[in-house]
Amino acid sequence: MSQPVGTLPTQVTGDLYAEVQTFYARQMRRVDALDIEGFADTFTEDGEVVHAGGHRQRGRAEMIAGMRASLPRYQDIAVRHWFGHLIIETDDADADLLRVSYYTLVTQTDREGKVNFQPTFTVEDELVRRDGRLLTRSRVIHRDTPAAPPAA
Amino acid sequence: MSQPVGTLPTQVTGDLYAEVQTFYARQMRRVDALDIEGFADTFTEDGEVVHAGGHRQRGRAEMIAGMRASLPRYQDIAVRHWFGHLIIETDDADADLLRVSYYTLVTQTDREGKVNFQPTFTVEDELVRRDGRLLTRSRVIHRDTPAAPPAA
Amino acid sequence: MSQPVGTLPTQVTGDLYAEVQTFYARQMRRVDALDIEGFADTFTEDGEVVHAGGHRQRGRAEMIAGMRASLPRYQDIAVRHWFGHLIIETDDADADLLRVSYYTLVTQTDREGKVNFQPTFTVEDELVRRDGRLLTRSRVIHRDTPAAPPAA
């Protein structure tokens with residue numbers, strides 16, 4: 001039997017919840033606008049992204065180069081990242097560290113208005129606070145796959 | 001004329017809003033992972049679900065049996081439940097009771113990454129607080145149907 | 001280089017975040033129920049909407065007439081508006097004014113349960129507080145189009 005759902009252990013305040021949601025709202029505005037430099041600035045200098053296929057990008061420069069290389073894919077589509085079901089966990093030992101996980105759904109709308117969907121993903125982030133601001137230090141992106149059925 | 005939109009009567013605090021959102025984020029992680037026992041544990045022992053077709057499940061044991069029976073449907077798809085537009089209402093007479101309604105969109109992604117959508121639903125929950133933790137006591141799921149046009 | 005993501009300048013409280021989200025949850029319940037009068041009541045008397053095509057509606061009466069005219073479109077579909085990535089900004093000079101932007105995805109589910117999607121939009125609102133309640137004073141709806149690639 002799994003542990004009972006607890007809102008006690010990692011209960012976040014409303015202020016922190018709003019701050020994290022707002023951080024992602026701004027970060028996604030940038031990636032969806034293809035503002036590559038602006039997006040990279042929402043990561044720490046040594047920020048790391050592990051993509052669903054396993055490819056790992058480390059540091060803003062590598063991130064920027066990778067995004068520039070994939071720009072041709074986006075020339076005729078408007079991309080929007082939708083988030084769901086954020087779970088924010090604080091760290092007892094490090095007040096400047098947050099672990100966040102969330103669902104993402106990515107829409108791609110073409111010039112005629114037709115909406116296509118990428119497969120859904122679940123993302124695990126580490127956010128850190130630097131000079132009062134949140135930045136992403138680590139992001140691991142998991143493509144959602146069929147769950148294993150529970151043992152009978 | 002309908003009552004003016006009021007944020008006054010049932011204004012919830014940011015802390016409660018974050019707590020309820022986090023409760024659902026954890027509950028949906030479990031159902032989407034086919035963690036049937038873990039999902040059932042987010043309900044009260046006598047928790048009740050009324051499905052869109054009218055079928056009623058009462059108690060964790062019945063819920064678990066029903067979910068086990070429907071497992072074959074999920075063997076090749078990754079299911080994700082997306083929520084929208086939560087409305088949380090407190091109860092003047094019972095500080096441990098919350099009434100919550102929300103929209104749901106359910107994605108089913110197959111192994112090739114193609115995303116299919118179930119019809120949209122609106123859900124009405126009663127949550128209760130037991131030993132500090134939230135649990136679902138009652139859930140009524142409504143399939144969304146075309147609205148009746150207003151009288152001219 | 002764009003300005004670093006700042007959670008400092010316009011950090012909203014959790015209470016305000018929950019209030020604004022709840023305001024939209026109620027406003028969207030009304031529009032999705034085709035409760036035209038109720039929806040209009042969530043705007044100020046002189047409230048203005050600029051639609052994605054450039055058409056401008058000013059005042060509740062004009063809004064109601066416009067919505068009545070478009071009712072036939074909705075007679076066989078259940079419409080749901082989904083929001084994403086709210087950014088709420090307060091105004092230093094006017095404590096009763098909020099600027100909010102968000103993404104919208106609109107689902108249209110037919111009687112057989114098939115879900116169709118409108119193109120995605122980004123919306124900019126001005127909300128004002130009147131007698132303690134939030135109302136929309138201005139809404140500008142932008143259809144999402146492919147972003148211009150950044151200069152090399």
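Convention: sequence-line order gives letters A, B, ...; per-chain numbering from 1.
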TODO: Examine the side chains of C/Thr44 and C/Asp46 and answer whether a donor and an acceptor come within less than 3.5 Å of each other.
DONE: yes
Task: Cation over ring face, A/Arg80 and C/Tyr103, 6.0 Å, 45° - done: yes
Task: Leading residue by heavy atom contact count with chain A [cutoff under 4.5 Å; candidates C/Gly84, C/Pro146, C/Pro119] - done: C/Pro146
- [ ] Name the region of C/Thr120, side chain, backbone, both or neither, that has any atom closer than 4.5 Å to a heavy atom of chain A.
- [x] both
Open item on the list: Quick check against the 3.5 Å criterion: does C/His85 have a side-chain atom that pairs as donor or acceptor with the backbone of A/His81?
Closed with: yes
- [ ] Measure A/Leu71 against the heavy atoms of chain C and call it side chain, backbone, both or neither at under 4.5 Å.
- [x] side chain
Task: Residues in residues 108-115 of chain C near chain A [non-hydrogen atoms, under 4.5 Å] - done: none
Task: Residue C/Gln21 versus chain A: region with a heavy atom under 4.5 Å - done: neither
Task: Closest approach of A/Tyr102 to A/Leu86 (non-hydrogen atoms, all atoms of both residues) - done: CB-CD1, 3.7 Å
- [ ] Indicate the ring-plane relationship of C/Phe43 and C/Phe39, choosing parallel, tilted or perpendicular according to the 30° and 60° boundaries.
- [x] perpendicular
- [ ] Would you check if A/Thr104 and A/Trp82 make a side-chain contact, meaning some heavy-atom pair closer than 4.5 Å?
- [x] no
Task: Backbone of A/Gly132 reached by a side-chain donor or acceptor of A/Arg129 within 3.5 Å - done: yes
Open item on the list: Apply side chain to side chain donor-acceptor pair (under 3.5 Å) to residues C/Glu126 and C/Ser138 and explain how you reach the verdict.
Closed with: CA-CA 5 Å; C/Glu126 283 183 13; C/Ser138 165; 5.0 Å; no
Open item on the list: What part of C/Leu16 gets within 4.5 angstrom of chain A, counting heavy atoms only: side chain, backbone, both, or neither?
Closed with: neither
Task: Shortest non-hydrogen contact from A/Arg56 toward A/Arg58 - done: CD-NH2, 3.6 Å
Task: Atom group of C/Ser101 that falls short of 4.5 Å from chain A, counting heavy atoms - done: both
